[in-house]
Amino acid sequence: MKNLTRLVIVLVMTLIGTYEAQSQTMSCCSSNSTKDFAMLGNDPDFLSAHLTPLPFHYEPVNGKMITFKTSDGKTGSAYEVKAAKPTDKYLIVVHEFWGLNDYIKQEAEKLHDELGDVNVLAVDMYDGKVGATREEAGALMQGLTEVRGQAIVKGLLAYAGPKAKIQTIGWCFGGGWSLQTALDAGKQLSGCVMYYGMPEKSIDKLKTLNASVLGIFANNDKYITPALVDQFGKDMKTAGKKLILKQYDADHGFANPSNPKYAKTMADEAHTMAVEFLKTNFR
């Protein structure tokens, strides 16, 4: 009987350990929306829709890589472009499924130049790794644990400081994280821009938003579908929050110049809209 009891205890402890290990390897944050998007990293159709970025190298002009403490006792990193004069205005830029590559660094510099008196922080959610192939990028997206993702976001917000006026922007994987970072920013939030990212599905969470959202989506997107976007609009209305919605007859990733399906005219229009939205909310 004692041996049987010991065996049961061992089995229970093994099951608990397995459950905890699986929980730690779950992708993205606790929200089902970002978890659902991360799981697409296993979908062959999703991967095939992400064509390999065109070759590109960018030499930093004003920005540099910085590190900050994260809430899990480690460090995080970001590409920072500081304003010419001290300011509490911060734009957090969240990269696509590929990682913090040179295209995103260039975009951070561009946004800095267009916005003026603003600090730009392009966060690295993959801890220094960049996907050179879609398979690598999919693995990196799935490899972001719940604990680590939350720690990076909290660490970056702490780096900006308690007096910071925060706005967020992101594309694809980063579009969903832009919204999640906006939720985490609390009362410091003044605006959020999300390009074809997974919307938050919890109305209770959406009720905690402290600023409006500009959502830019693609009607030909097979993953962030028009039906999903329509539901997001309804959920934001139910939550009593403002959503400015713009949809284009384009494919997922249409705003990225490195994407062979880049749609310049629509991307330029969307970019102008995003910059005006950010400028208005930083005033």
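Worth knowing before you read on, the calculation uses all heavy atoms, side chains too, and leaves out hydrogens, waters and symmetry mates. If you're wondering where the values come from, they're calculated on a predicted model, not measured in any experiment.
Salt bridge absent: K154 and D184 never bring a charged side-chain N and a carboxylate O closer than 4.0 Å. The pair K74-D127 does not meet the salt-bridge criterion, since no charged nitrogen lies less than 4.0 angstrom from a carboxylate oxygen.
F97 and H50 have tilted rings, their planes meeting at an angle from 30° to 60° on a 0 to 90° scale. Using cut-offs of 30° and 60° on the angle between ring planes, the pair F173 and W177 is tilted.
When atom types are taken as modelled, the side chain of K241 and the backbone of L209 share a donor-acceptor pair closer than 3.5 angstrom. Side-chain atoms of N210 come within 3.5 Å of backbone atoms of G186 as a donor-acceptor pair (strictly under, hydrogens ignored). A donor-acceptor distance shorter than 3.5 angstrom exists from the side chain of Q188 to the backbone of A164, with no hydrogens or angles considered. Side-chain atoms of S212 never come within 3.5 Å of backbone atoms of L243 as a donor-acceptor pair (strictly under, hydrogens ignored). Judged by distance alone, the side chain of H95 and the main-chain N or O of M125 form a donor-acceptor pair under 3.5 Å.
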Y103/E96 under side-chain hydrogen bond (donor to acceptor under 3.5 Å, both in side chains): CA gap, chis, key distance, verdict
CA-CA 10 Å; Y103 279 104; E96 297 174 299; over 6 Å; no

Evaluate S202 against D204 for side-chain hydrogen bond (donor to acceptor under 3.5 Å, both in side chains), listing each step before the verdict.
CA-CA 5 Å; S202 167; D204 286 339; 5.0 Å; no

Mind running salt bridge (Lys or Arg N to Asp or Glu O under 4.0 Å) on D235 and K201 for me, showing each step along the way?
CA-CA 8 Å; D235 290 345; K201 299 174 183 178; over 6 Å; no

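In this structure, V213 and M236 have side chains that are in contact, with non-hydrogen atoms separated by less than 4.5 Å. Side-chain contact between I92 and L157: present, with at least one pair of heavy atoms (C-beta onward) separated by less than 4.5 Å. A 4.5 Å side-chain heavy-atom check between K105 and M65 finds at least one atom pair inside the cut-off. At least one side-chain heavy atom of Y196 sits under 4.5 Å from a side-chain heavy atom of C172. You'll find the side chain of T265 stays beyond 4.5 Å of the side chain of E269, heavy atoms only. Counting only heavy atoms from C-beta outward, the side chains of M273 and V193 never approach each other to under 4.5 Å. Put simply, the side chain of F217 does not reach to within 4.5 Å of the side chain of L228, judged on heavy atoms. Inter-residue side-chain proximity for S71 and V153 is flagged as unmet; no heavy-atom pair is nearer than 4.5 Å.
Residue T70 comes nearest to G76 through the heavy atom pair CG2-N, 3.5 Å, listed as atom of the first residue, atom of the second, then distance. When every heavy atom of W98 is checked against every heavy atom of A137, the shortest pair comes out as CE3-CB, 3.8 Å. The nearest pair of heavy atoms linking F68 to I66 is CD2-CD1, 3.9 Å.
In this structure, the side chain to side chain contact (heavy atoms under 4.5 Å, CB included) partners of K264, at least two apart in sequence or on a different chain, are Y262, D268.
Ring pair H252/Y223: centre-to-centre distance not below 6.0 Å.
Going from atom CD1 of I169 over to atom CG of L179 covers 13.0 Å, rounded to the nearest 0.5 Å. Here OG1 of T181 is found 11.0 Å from CE of M194. Values are rounded to the nearest 0.5 Å. C192 contributes atom SG, which lies 7.0 Å from atom CZ of F277 (distance to the nearest 0.5 angstrom). With values rounded to the nearest 0.5 angstrom, Q247 atom CD is found 13.0 Å from M266 atom CE.
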Sequence neighbours left out, cut at 3.5 Å: what donor-acceptor pairs do the side chains of residues 108-121 make with other protein atoms?
{"residue": "E109", "atom": "OE1", "partner": "N62", "partner atom": "N", "Å": "3.3"}
{"residue": "E109", "atom": "OE2", "partner": "V61", "partner atom": "N", "Å": "3.1"}
{"residue": "E109", "atom": "OE2", "partner": "N62", "partner atom": "N", "Å": "3.0"}
{"residue": "E109", "atom": "OE2", "partner": "G63", "partner atom": "N", "Å": "2.9"}
{"residue": "E109", "atom": "OE2", "partner": "Y79", "partner atom": "OH", "Å": "2.6"}
{"residue": "H112", "atom": "NE2", "partner": "K82", "partner atom": "O", "Å": "3.0"}
{"residue": "E114", "atom": "OE1", "partner": "H271", "partner atom": "NE2", "Å": "2.6"}
{"residue": "E114", "atom": "OE2", "partner": "H271", "partner atom": "NE2", "Å": "3.1"}
{"residue": "N119", "atom": "OD1", "partner": "A83", "partner atom": "N", "Å": "2.9"}
{"residue": "N119", "atom": "ND2", "partner": "T87", "partner atom": "O", "Å": "3.0"}

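The side chain to side chain donor-acceptor pair (under 3.5 Å) analysis of residues 158-175, with sequence neighbours excluded, yields the pairs E80-Y159, T168-S178.
When each of I216, N220, N259, D221 is tested with F254 by the rule side-chain contact (heavy atoms from CB on, under 4.5 Å), just one qualifies, namely I216.
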